[in-house]
There are 2 protein chains.
Amino acid sequence: MAKATKRNPERTKELIHKAALAEFSDRGYGGARVDMIAERAGVNKRMLYHYYGNKDDLFLHVLERAYEKIRTHEGKLDLATLSPEEAVRELVKFTFKYHHENPEFMRLLNNENLYKAEHIKRSKNIKQMHSPFVDLMMDVLKRGEVAGVFRKNVDPVQFYITVASVAYFYLSNIYTLSTIFGRKLSSKPALDERLEHCTDVVLGYLRP
Amino acid sequence: MAKATKRNPERTKELIHKAALAEFSDRGYGGARVDMIAERAGVNKRMLYHYYGNKDDLFLHVLERAYEKIRTHEGKLDLATLSPEEAVRELVKFTFKYHHENPEFMRLLNNENLYKAEHIKRSKNIKQMHSPFVDLMMDVLKRGEVAGVFRKNVDPVQFYITVASVAYFYLSNIYTLSTIFGRKLSSKPALDERLEHCTDVVLGYLRP
DNA sequence: TTTTTAAGTAACTATTTAGTTAGTTATAAA
DNA sequence: TTTATAACTAACTAAATAGTTACTTAAAAA
């Protein structure tokens, strides 16, 4: 735990980061208020400009950290030791779980797409951070293909996007979908059912 | 074509609606500016309050019209006369095409989910407008099941969400995905390839 | 111990914001 | 033609907005 001494730049920076993540995620870039970020962080607003420059740069910083976080978690998955089918199950489960437990990530991404990716286009860091999954996936898909349990010539990028899709769309649009279908899609049974469906879709597609 | 007489409430309302759709879609609710909407419409700002109440109500109105539009288009699809497989192909193609040609709809939805569906929760209209697809889908899935060409007991709502997912996620996140994967996902060949992949995924899943 | 650096604060500013006031004027009903 | 209604306008306002100025003070380096 961080010492709460009178001066602590690391702690202050971290408080600002956390508050900014919450505020941008809650209200979007356009709806987020710099004053609110400072207030949520319990820090003087001037500090925010001192450490992060301005609102845009702070948003980019928050995005970079969010990408870093998911890539780190992805990197920890050990798909290579599993059978192709088990690896795919694990991948779908991880993707679903991660987005469910970290909805801020989807909210930031939606917002970044609203602004046509203008922030991450400027970011060297994020561009280099392509998912380790894509390489891993190539191996898993190849192994499945050779073993005769997966269909041939699956494009790993298309496949990655599809795995993300079936989890992301459900979780990101859960409020409108729940309202329109009159179902509580965020209940535990509904979430379990959706994960099972996602797994069925992905494995169903892969059958040769 | 509308007469551009000095006074024309229908035309003024329509100009405001179009400008609001564009502004909310471009900048999100929080980033949209009432003054900009008036300017884009070429109309006095007061008119906006006169016809639509306030910013929130105007946003809800725009959302309602957007839902109405997609439901109308969906309603025109005639899946019942097609073979189950052809019906599914048509459905995937329509969904992909509609979202590609009407990206404002996804942007509005993303924004509405950012605000946890607070606007549409208040809307009687939208809640009643559940997709005619879900009923149509039930028929198509059943026909395919009986004919022995589709898997059994597919939940039409899960299925509908999945069909939307694979198109929506790709198109809505096209800017960040293109940046990260270093591929121009909005090019004609990339879009064609994606549609084919989506069709393969959905039909692959349905195989018994 | 002295000096330098950087962490932190309070109060401010120019501009923008959603929403309003107080009216004018075109048009359709009487 | 007169009257009532509603379309439309210009100018305004109170509050909020991103960003800044001018300063104090803790703590690391000399």
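Labels below follow one simple rule: chain letters A, B, ... track the order of the sequence lines, proteins then strands, and each chain is numbered from 1.
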Handout entry: Euclidean distance, atom CZ of residue Arg11(B) to atom C1' of dA26(C) [Å, nearest integer]
Key = 15 Å
Handout entry: More than 12 heavy atoms from other groups under 6.0 Å of NZ on Lys127(A)
Key = yes
Problem - Glu14(A) with Arg65(A): basic N within carboxylate O range, under 4.0 Å - result: yes
Practice task
May I ask you to establish whether Lys69(B) and Phe105(B) are in a cation-pi arrangement, using a distance under 6.0 Å from NZ or CZ to the six-membered ring centre and at most 45° from the ring axis?
Solution key: no
Practice task
Using whole Å, report how far CG of Asp57(A) lies from P of dA18(D).
Solution key: 15 Å
Practice task
Name every residue in residues 112-120 of chain B that has at least one heavy atom under 4.0 Å from any atom of DNA chain D, in order of residue number, or write none if there are no such residues.
Solution key: none
Handout entry: Centroid separation Phe159(B) to His197(A) less than 6.0 Å
Key = no
Please list, for nucleotides 20-24 of chain C, all pairs of protein and nucleotide N/O atoms separated by less than 3.5 Å.
from	atom 1	to	atom 2	distance (Å)
dT21(C)	O4	Arg46(B)	NE	3.3

Practice task
Rounded to the nearest angstrom, tell me the gap between atom CE in Met47(A) and atom P in dA10(C).
Solution key: 11 Å
Exercise for the section: Measure the distance from CD on Glu10(A) to P on dA26(D) and round it to the nearest whole Å. Expected result: 20 Å
Problem - Distance, rounded to the nearest Å, where Asn8(A) contributes CG and dT9(C) contributes P - result: 12 Å
Practice task
Spell out, as yes or no, whether a donor-acceptor pair under 3.5 Å connects the side chain of Asn54(A) to the backbone of Asp57(A).
Solution key: yes
Exercise for the section: Considering just the side-chain nitrogens and oxygens of His50(B), establish if one lies under 4.0 Å of OP1 or OP2 belonging to dA7(D). Expected result: yes
Exercise for the section: Would you indicate what Ala38(B) reaches in the nucleic acid, counting non-hydrogen atoms under 4.0 angstrom: base, sugar-phosphate, or nothing? Expected result: nothing
Handout entry: N-O pairing of Arg122(B) and Glu118(B) below 4.0 Å
Key = no
Handout entry: Length of the line joining Leu48(A):CG and dA7(C):P, which is rounded to integer Å
Key = 14 Å
Handout entry: N-O pairing of Arg40(B) and Asp35(B) below 4.0 Å
Key = no
Problem - Given dG8(C), dT17(D), dG19(D), the nucleotide with the shortest approach to the side chain of Thr12(A) - result: dG8(C)
Practice task
Report yes if a side-chain nitrogen or oxygen of Tyr51(A) is closer than 4.0 Å to either non-bridging phosphate oxygen (OP1 or OP2) of dA6(C); otherwise report no.
Solution key: no
Handout entry: CE (Met36(B)) with more than 12 external heavy atoms under 6.0 Å
Key = yes
Practice task
With heavy atoms under 4.0 Å as the rule, sort Asp35(B) into base, sugar-phosphate or nothing.
Solution key: base
Handout entry: Ionic contact status for Glu74(A) with Arg71(A), cut-off 4.0 Å
Key = yes
Problem - Between dT16(C) (P) and Lys55(A) (NZ): distance, integer Å - result: 15 Å
Handout entry: Interatomic distance where NZ belongs to Lys13(B) and C1' belongs to dC8(D) [whole Å]
Key = 14 Å
